[in-house]
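Comments concern the structure below.
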Amino acid sequence: MSRFEESAPAKGGFSFDLCKRNEMLVQKGLKPSSYLKTGTTIVGLVFQDGVILGADTRATEGPIVADKNCEKIHYMAPNIYCCGAGTAADTEAVTDMVSSQLKLHRFHTGRESRVVTALTLLKSHLFSYQGHVSAALVLGGVDVTGPHLHTIYPHGSTDTLPFATMGSGSLAAMAIFESKYREGLTRDEGVKLVAEAISSGIFNDLGSGSNVDVCVITKGKREYLRNYMLPNPRTYVSQKGYSFSKKTEVLMTKITPLRELVEVIEGGDAMEE
Amino acid sequence: MTKQQANWSPYDNNGGTCVAIAGADYCVIAADTRMSTGYSILTRDYSKIIQLADKSVMASSGFQADVRALQKVLAARHLIYQHQHNKQMSCPAMAQLLSNTLYFKRFFPYYAFNVLGGLDSEGKGCVFTYDAVGSYERVGYSAQGSGATLITPFLDNQLKSPSPLLLPAKDAVTPLSEIEAIDLVKTCFASATERDIYTGDKVEMLVLNASGIRREFMELRKD
């Protein structure tokens, strides 16, 4: 959490903040943008026939799990999908927006969308919001130029990679990829590797959890494998069950009649129109 | 030059949840076994429960380094008591000792959230719940730690605990049987694990009754 009073760097040195502008903004009531932990594990990799994307399904609000089975792999185009980490509203809004823009572009050009088009639209939007739109994305798809995989950071920078991970579980997932990735994986090997990387994030990162979603994109075909793996069933269900029959306890009943307040105006003017 | 803020904290939170329920002639104390820091897991197999006397068991969540130090102090003080009085400390006596030990460090507290459970001198179950600086109260049941806010409303609903103003705490033991209380504790932890990221892996349950102490483990979600 960055606060303007702590703008002096921890180890000493010069602070390059625009301190007068920052002070003015604080006085106007602007809260500095806090760096939200992106509690998620999202991955992507390129295999011999295309691209495979993977994501966990836990949405957190601080230390609480808000959604145990949310969808983090978003549709962009029939041949392009995007995983999103960061603020859920931001990832949803930005992927929906660019998905609509791509559709209009397809009508305009009469051609299949290209991954670099989605990439440019996303990165220019995020850059123009200077990192305030907290969306960290893994964009993957197959178009006429071949399979593509990109990562997009909240401030608008991008990377083009053969395999990528984002979110708080990215280190756990990247450890798996760095050990086991090689070029020219088959579809089954690729799906198995993606599921393994997401599982690593699910079990070793507290911000990620629940199930594994996978999406396989190849030339002319995509398979959205929702809940490909469910490695976290509920461990205990009580045999006898619990009922919630206790009604709200009535501690006291008191009736207070309201006094009627009526003002009588003698011979006043009728309401004017 | 603006005032320099501290950029180092002596505390860390290792997460976890503790629960205790008092019965007519038994007491259940349970805690999960996950120890974490930030978003990482340090170990899945850490006991937060310690038996301080033959009828007193303490479970603590919070900063485990402080919890360990606190456990050592209490164990040493109990040993001294045994030498001086030639008997074990009763649970209410241990409760008072814990309160005093915590308040002793009022201005640099033990970052420990404790529940003390056991059997009182009459053999009835008793549970004492604490804050970080030693404020304590005898209750019929309690939850502390990261999952406490999820578990306490459920226990309030199921154990029908009357308001302390209506009924003194000594009589607020649950009418549930030992088996039912253990089932309730298992349900509490399974549910808290679903929604709290710091609770999970395993739950360790200790049951104290007239015949002694029994320990049980149950697996929880590991994600």
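Throughout, a chain's letter reflects where its sequence line sits, starting with A, and its residues are numbered from 1.
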| request: Compare all side-chain heavy atoms of A:K240 with those of B:I179 and state whether any distance is below 4.5 angstrom. | output: no
| Donor on one side chain, acceptor on other, A:R234 and B:T193, under 3.5 Å | no
| Under a 4.5 Å heavy-atom cutoff, which of B:D183, B:T187, B:I41 has the most pairs with chain A? | B:D183
| Heavy-atom distance under 4.5 Å to chain B: side chain of A:N211, backbone, both or neither? | neither
| field | B:F104, CZ atom: more than 12 neighbouring heavy atoms under 6.0 Å | value | no
| request: Verify, without hydrogens or angle tests, whether B:R195 (side chain) and A:I64 (backbone) share a donor-acceptor contact under 3.5 angstrom. | output: no
| query | What part of B:F189 lies closer than 4.5 angstrom to a heavy atom of chain A: side chain, backbone, both or neither? | reply | neither
| request: Calculate, to the nearest 0.5 Å, the distance between atoms OH and OG1 belonging to B:Y39 and A:T60 respectively. | output: 5.0 Å
| query | Where along residues 193-202 of chain A does a heavy atom come under 4.5 Å of chain B, listed by residue number? | reply | A:I202
| field | Whether over 12 other heavy atoms sit under 6.0 Å from B:K105 NZ | value | yes
| request: Write down the atom of B:Y198, the atom of A:P63, and the distance for their closest heavy-atom approach. | output: CE1-CB, 3.5 Å
| request: Locate the shortest heavy-atom distance separating A:L206 from B:S36; write the atom from each residue and the value. | output: CD1-CB, 3.6 Å
| said: Strictly distance-based, threshold 3.5 Å: is any side-chain N or O of B:Q158 a donor or acceptor partner for the main-chain N or O of A:F244? | reply: no
| Quick one: are B:L184 and A:Y242 in side-chain contact, heavy atoms under 4.5 Å? | yes
| message | Heavy-atom pairs under 4.5 Å with chain B - which of A:G62, A:P231, A:A66, A:S210 has more of them than the others? | response | A:S210
| Looking at CG of B:N157 and OG of A:S243, how far apart are the two atoms once the value is rounded to the nearest 0.5 Å? | 8.5 Å
| message | Around atom NZ of B:K55, are there more than 12 heavy atoms from other residues, nucleotides or ligands closer than 6.0 Å? | response | no
| said: So for atom OH, which belongs to A:Y129, do other residues, nucleotides or ligands contribute more than 12 heavy atoms lying within a distance under 6.0 Å? | reply: no
| task | Measure distances from A:A172 to the heavy atoms of chain B and classify the residue's part below 4.5 Å as side chain, backbone, both or neither. | result | neither
| Crowding at CZ, A:R226 (>12 non-hydrogen neighbours, <6.0 Å) | yes
| query | Between B:G38, B:S146, B:S191, which has the largest tally of heavy atom pairs under 4.5 Å with chain A? | reply | B:S191
| For A:P233, is it the side chain, the backbone, both, or neither that has a heavy atom closer than 4.5 Å to a heavy atom of chain B? | backbone
| Which atoms form the tightest heavy-atom contact between A:T235 and B:R221, and what is the distance? | CG2-N, 3.6 Å
